[in-house]
There are 2 protein chains.
Amino acid sequence: MATLRDIAAELGLAVSTVSRALSGQANVEAATRARVLAAAERLRYRPNALARALRRNQTQTVGLVIPDILNDFYASAAAVLQRVLEQQGYRTVLALNNDNPETDAKCLAGLLEQHVDGIVHVPCTKDGARVVRDATHQIPVIEMNRRSSNGEFDAVLSDEREGSRILTQHLLQLGHRRIAMIVGPEMYSTTRDRVDGFNDAFREERVSRDDSSVFFGTYSRTWGKTAMEQVMRRTPRPTAVYASSSQLVLGAMAYFAAAGMHVPADCSVVGLGNPDWYQITHPPLTTYAIPLREMGMIAAQLLLARITELRSDVVVPTVTRLSGHLIIRASAAQPPSVSAMPIPEDIDVNT
Amino acid sequence: MATLRDIAAELGLAVSTVSRALSGQANVEAATRARVLAAAERLRYRPNALARALRRNQTQTVGLVIPDILNDFYASAAAVLQRVLEQQGYRTVLALNNDNPETDAKCLAGLLEQHVDGIVHVPCTKDGARVVRDATHQIPVIEMNRRSSNGEFDAVLSDEREGSRILTQHLLQLGHRRIAMIVGPEMYSTTRDRVDGFNDAFREERVSRDDSSVFFGTYSRTWGKTAMEQVMRRTPRPTAVYASSSQLVLGAMAYFAAAGMHVPADCSVVGLGNPDWYQITHPPLTTYAIPLREMGMIAAQLLLARITELRSDVVVPTVTRLSGHLIIRASAAQPPSVSAMPIPEDIDVNT
DNA sequence: ATGAAAGCGCTAACAC
DNA sequence: GTGTTAGCGCTTTCAT
């Protein structure tokens with residue numbers, strides 16, 4: 001690998017001069033700069049980002065810690081975030097925590113050792129990135145999508161409570177009175193927000209929530225299916241289901257297909273989020289789209305701002321909450337006046 | 001940030017001793033090591049990966065260059081790859097090239113500057129990662145999924161030609177004679193393989209390919225839809241469609257839904273790949289599943305092997321080609337003896 | 001078993 | 001405008 005020293009030797013200059021020439025600083029004669037550029041080209045010189053980072057004490061790298069790269073929810077935000085940061089000359093290193101606290105801690109620690117300039121984090125614990133705050137070398141952290149309960153960090157969220165309320169209201173206004181809501185672990189702020197929104201809608205519409213219930217589990221396809229089995233065993237049977245993540249939707253729809261039930265004739269369904277394939281489910285899904293791309297963008301910009309910001313005084317954490325929008329397609333309709341359809345037993349959804 | 005020097009000062013030791021103690025080397029008295037460990041803990045010492053990398057000339061980092069993080073095709077492989085590498089103590093930095101040659105070159109160059117120890121690359125040009133080979137500092141490159149035509153690199157591929165053949169054969173054996181195949185750009189090795197497999201099947205089944213055709217475009221939802229419009233305008237109309245990527249499937253299915261056509265009654269459909277949602281399309285999709293996770297795993301292992309391998313003698317590039325398997329669901333059936341259904345005009349798929 | 005010293009490739013303060 | 005110097009935090013000979 002050619003280094004500054006090689007160029008300097010080749011040209012009989014000092015390394016510092018070569019450095020200045022290459023990094024476009026003033027105080028270098030035009031002719032000298034030209035010679036340096038030519039030599040750099042000739043020797044195939046590539047700056048060593050490591051050495052530069054060590055010296056300047058900034059890596060031009062940010063860490064992104066998300067639960068799962070296969071989930072459209074995080075991948076959408078990640079894609080935009082990566083692009084924005086790249087445009088500003090920052091690299092993004094991706095770490096996957098699988099919503100596992102231990103893995104999460106490892107990810108964070110790794111990024112710290114790597115001396116990233118900042119972190120965008122989807123927390124999965126109460127404490128969030130406390131590790132980073134406890135570190136001796138402070139770097140900005142932006143929480144995205146979910147929020148830890150320690151309130152020390154900036155956060156970019158979507159208004160899932162509102163989305164949930166709108167979705168539930170839609171169902172209520174269609175005439176549904178027994179609605180099943182399928183969610184993941186209660187410990188995530190998003191889960192609580194979603195449930196709160198669910199309750200808000202009943203309150204607002206002055207409908208008793210007694211006949212409706214919330215099924216807590218995990219945000220997985222399996223739980224979507226299992227929960228549906230439980231839902232359909234209820235008597236009287238719910239007339240609508242709110243599957244609050246794409247994975248849950250997947251499981252729920254698989255259940256209906258395997259059970260030979262028709263949506264929305266036999267049961268209405270609404271989802272949350274809006275991956276591409278929501279358009280081609282049968283029928284296309286009514287859902288509340290969350291502005292994931294915007295969230296990624298804003299998280300990136302906020303992080304950039306925090307990084308370049310004067311480290312001088314204490315900054316007060318900002319919480320940005322973005323609204324999504326209801327997309328009415330065909331999976332939610334009025335409930336049947338009577339529902340006497342028998343429920344099949346032992347359904348195998350894994351086809 | 002606490003450094004080795006801080007610990008050394010605290011304990012009245014030399015940095016080198018502290019370094020040895022911390023990195024678990026021999027020649028350190030047990031008592032000394034204990035004191036060092038305690039001090040490190042107390043001062044919240046975190047090793048500086050940058051300094052270590054600069055000194056040791058290896059970063060314990062590998063680069064992964066893929067076209068698109070939102071595409072299940074790449075994300076599946078990426079997820080596994082990341083996990084395997086992490087287990088072996090390597091970080092993965094993700095770079096997205098969008099199948100754009102310029103972006104690709106930038107990604108590669110950036111990774112080189114960052115001194116990654118190796119790269120896994122989905123090439124989008126004839127030359128692939130030639131930039132890396134031309135660099136003065138050689139690092140191993142593994143091509144994944146697609147192959148550049150320069151043959152200098154190891155490659156981990158799936159047998160898409162075979163998959164394509166099997167899928168087409170399935171259609172042929174069901175009785176289809178007019179099959180439309182929708183693909184992306186001819187310049188990708190995968191596209192060519194898929195088309196070759198398509199042709200193989202006709203040859204093998206001794207069926208004339210004259211009534212069937214291949215629609216080249218891009219691997220996008222839009223092209224899936226547009227291509228379908230063109231396909232359905234053909235007379236006589238094809239009885240089956242082979243949409244050779246999930247994005248193309250998405251577009252095609254959206255077309256059918258908007259056109260009010262039924263799969264497979266009005267037209268059979270087969271896909272390629274196997275994202276989760278293929279199970280809940282209406283009807284569930286018959287497809288050829290590609291072992292993406294295995295590919296990611298093998299690419300990771302191969303890269304690790306190349307990295308740790310003696311740099312001594314020239315290695316001859318390995319090509320690993322993995323087979324997938326046909327999944328028969330319900331989207332492909334026998335063709336109707338007669339098909340006289342009119343084709344609707346001006347369909348809006350963007351619902 | 002421990003210490004001293006050199007140096008990875010770069011930048012930045014300072015001298016000239 | 002250019003050179004000299006110091007040093008980022010670490011590993012690794014080589015002495016002792």
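Small disclaimer: the values here were computed from a predicted structure and weren't measured. A note on names: the letters A, B, ... follow the listed sequences, proteins ahead of strands, and every chain is numbered from 1. As a basis for the values below, the full set of heavy atoms in this structure was taken, side chains included, without hydrogen atoms, waters or symmetry mates.
- For the salt bridge (Lys or Arg N to Asp or Glu O under 4.0 Å) test, residues two or more places apart in sequence or in another chain that qualify with A/D154 are A/R306.
- Looking at A/Q114, its side chain never comes within 3.5 Å of a backbone N or O of B/L50 through a donor-acceptor pair.
- Proximity of B/Y45 to B/L22: side-chain heavy atoms (C-beta onward) are separated by under 4.5 Å at one or more points.
- Between the side chains of B/Y219 and B/T191, at least one donor-acceptor pair of N or O atoms lies under 3.5 Å.
- Counted within 6.0 Å of CE on B/M1, heavy atoms from surrounding residues, nucleotides or ligands total more than 12; the atom is thus considered enclosed.
- Heavy-atom distances under 4.0 Å link DNA chain C to B/G12, B/L13, B/A14, B/S16, B/T17, B/R20, B/N27, B/V28, B/E29, B/T32 of residues 9-40 of chain B, given in residue order.
- One can place CG of A/L4 at 16 Å from P of D/dT2, the figure rounded to the nearest angstrom.
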Pair A/V65-A/V120, side-chain contact (heavy atoms from CB on, under 4.5 Å): steps then yes or no: CA-CA 6 Å; A/V65 185; A/V120 173; over 6 Å; no

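- B/D117 and B/T59 are linked by a side-chain donor-acceptor pair at a separation below 3.5 angstrom, with hydrogens and angles left out of the test.
- Looking only at side-chain heavy atoms (C-beta outward), A/R147 and A/L157 come within less than 4.5 Å of each other.
- Distance B/R46 CZ to D/dC8 P: 21 Å, rounded to the nearest Å.
- For A/E113 and D/dG9, the CD to P distance is 15 Å, given to the nearest whole Å.
- Residues from residues 48-60 of chain A that place a heavy atom under 4.0 Å from any atom of DNA chain C, listed by number: A/N48, A/A51, A/R52, A/R55, A/R56.
- Between the NE2 atom of B/H115 and the P atom of C/dC8 there is a distance of 13 Å, given to the nearest Å.
- With rounding to whole Å, B/Q114 atom CD is found 22 Å from C/dC8 atom P.
- Protein atom NE2 of B/H137 is 13 Å distant from nucleotide atom C1' of C/dG9, rounded to whole Å.
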